[in-house]
Amino acid sequence: MTDLTNLKAPKGANRKRKRVGRGHGSTLGKTAGKGQKGQKARSGGSVHARFEGGQTPLHRRLPKVGFSNPFEKHYTIINLQDLERVFEDGDTVDLESLRSKGLVKRNLDGVKILGNGELTKKLSVKATKFSKSAKAAIEGVGGSVEVI
């Protein structure tokens with residue numbers, strides 16, 4: 001019966017440490033298995049993983065891609081059809097109401113209202129930006145537009 005008091009490693013699992021440079025009778029004497037001269041024969045000598053033998057390395061051969069504009073604004077896009085679907089006639093549409101209705105989830109640079117879809121309800125809309133068609137549609141049904 002085996003229990004934790006008499007555990008043994010299976011045969012061949014534990015090997016003796018390779019002792020290099022201990023004379024030519026050991027089969028790993030003189031050059032210690034490293035061959036003759038060269039960078040990899042020296043102490044501490046080896047090339048790093050990205051080294052390509054003096055050839056221009058891959059990370060320098062590949063083109064630089066992309067640019068991130070630090071001044072670019074990102075707006076949450078809301079269409080008129082979304083306002084029509086979610087809000088009632090006479091409601092005030094602002095950031096808090098949009099967030100409570102689930103139309104705005106992330107905190108970006110503001111909200112932009114676009115004119116996609118139809119609006120039949122009279123709404124008072126406060127947003128960061130409006131497209132011309134959205135502004136005309138909201139004011140066309142008697143609503144008001146306020147840029148914040």
Side-chain angles (χ1 to χ4, degrees), residues 1-21 28 31-148:
M1 184 171 124
T2 58
D3 59 8
L4 296 178
T5 59
N6 58 2
L7 287 177
K8 255 173 83 173
K11 187 173 167 80
N14 296 328
R15 301 177 71 183
K16 288 183 90 175
R17 184 170 66 90
K18 186 189 283 189
R19 297 181 72 230
V20 297
L28 287 170
T31 56
K34 289 175 171 254
Q36 304 286 330
K37 300 185 182 174
Q39 184 175 10
K40 292 197 281 186
R42 312 290 185 210
S43 101
S46 186
V47 294
H48 54 78
R50 299 177 318 277
F51 188 69
E52 298 186 27
Q55 172 177 300
T56 304
L58 182 67
H59 69 91
R60 287 182 55 203
R61 290 197 307 265
L62 294 176
K64 294 180 188 171
V65 178
F67 169 75
S68 207
N69 185 354
F71 303 107
E72 184 179 11
K73 300 274 187 204
H74 296 281
Y75 297 102
T76 302
I77 302 299
I78 308 287
N79 283 301
L80 290 179
Q81 63 192 13
D82 301 326
L83 299 180
E84 177 74 25
R85 179 173 45 89
V86 173
F87 290 97
E88 299 299 321
D89 196 26
D91 281 353
T92 300
V93 179
D94 56 1
L95 190 59
E96 289 77 35
S97 62
L98 288 167
R99 188 166 279 134
S100 67
K101 301 273 187 182
L103 289 175
V104 174
K105 291 178 179 68
R106 294 192 306 154
N107 207 8
L108 299 176
D109 292 315
V111 175
K112 183 167 184 177
I113 308 294
L114 299 183
N116 192 4
E118 282 196 31
L119 186 67
T120 59
K121 300 170 182 170
K122 183 179 173 183
L123 298 173
S124 172
V125 185
K126 298 175 183 176
T128 315
K129 286 188 144 205
F130 293 89
S131 69
K132 288 178 186 173
S133 60
K135 191 172 185 179
I138 293 168
E139 290 171 343
V141 293
S144 65
V145 169
E146 185 184 331
V147 177
I148 53 171

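Just so we're clear, the structure is a prediction, and the values are computed from it rather than from any experiment.
- In this structure, the side chains of T76 and R106 stay at 4.5 Å or more apart for every pair of heavy atoms.
- For E118, the CD atom is loosely surrounded, since the number of other residues' heavy atoms within 6.0 Å does not exceed 12.
- Environment of NZ in K121: crowded, with over 12 heavy atoms of neighbouring residues, nucleotides or ligands closer than 6.0 Å.
- Counting only N and O atoms by type, the side chains of E84 and T120 include a donor and acceptor under 3.5 Å apart.
- Nearest approach of V93 to L83, heavy atoms of both residues: CG1-CD2, 3.9 Å.
- In this structure, E52 and R61 have side chains that are in contact, with non-hydrogen atoms separated by less than 4.5 Å.
- Residue I77 holds its CD1 atom at 9.5 Å from OG of S131, rounded to the nearest 0.5 Å.
- Between K101 and V86 the shortest heavy-atom distance is CD-CG1, 3.2 Å.
- Atom CD in E96 sits 9.0 Å away from atom NZ in K126 (nearest 0.5 Å).
- Contact detail for L123 and E88: the closest heavy-atom pair is CD2-O, 3.2 Å.
- Atom CZ of R85 is separated from atom CG of L80 by 12.5 Å, given to the nearest 0.5 angstrom.
- Counting only distance, with no hydrogens or angles, the side chain of D109 and the backbone of Y75 share no donor-acceptor pair below 3.5 Å.
- Contact of the D82 side chain with the N116 side chain is not registered, since no non-hydrogen atoms from C-beta on lie closer than 4.5 Å.
- The distance from the OG atom of S144 to the CD atom of E139 is 8.0 Å, given to the nearest 0.5 Å.
- Closest non-hydrogen pair, G115 versus S133, comes out as CA-OG, 3.6 Å.
- Taking R99 as the reference, nothing meets the salt bridge (Lys or Arg N to Asp or Glu O under 4.0 Å) condition, with sequence neighbours excluded.
- In this structure the side chain of R50 never reaches within 4.5 angstrom of the side chain of L58, judged on heavy atoms.
- Counting only distance, with no hydrogens or angles, the side chain of T128 and the backbone of V111 share a donor-acceptor pair below 3.5 Å.
- Closest approach of L28 to R19, counting heavy atoms only: CB-O, 4.4 Å.
- Counting all heavy atoms, side chain and backbone alike, A9 lies closest to A13 at CB-CB, 4.2 Å.
- The shortest distance between side-chain heavy atoms of F87 and L103 falls below 4.5 Å.
- The backbone N or O of T5 lies less than 3.5 Å from a partner atom in the side chain of D3, making a donor-acceptor pair.
- In this structure, NZ on K112 lies 13.5 Å from NE2 on H74, to the nearest 0.5 angstrom.
- The closest side-chain heavy-atom distance from T92 to E146 is not below 4.5 Å.
- With values rounded to the nearest 0.5 angstrom, L114 atom CG is found 10.0 Å from Q81 atom CD.
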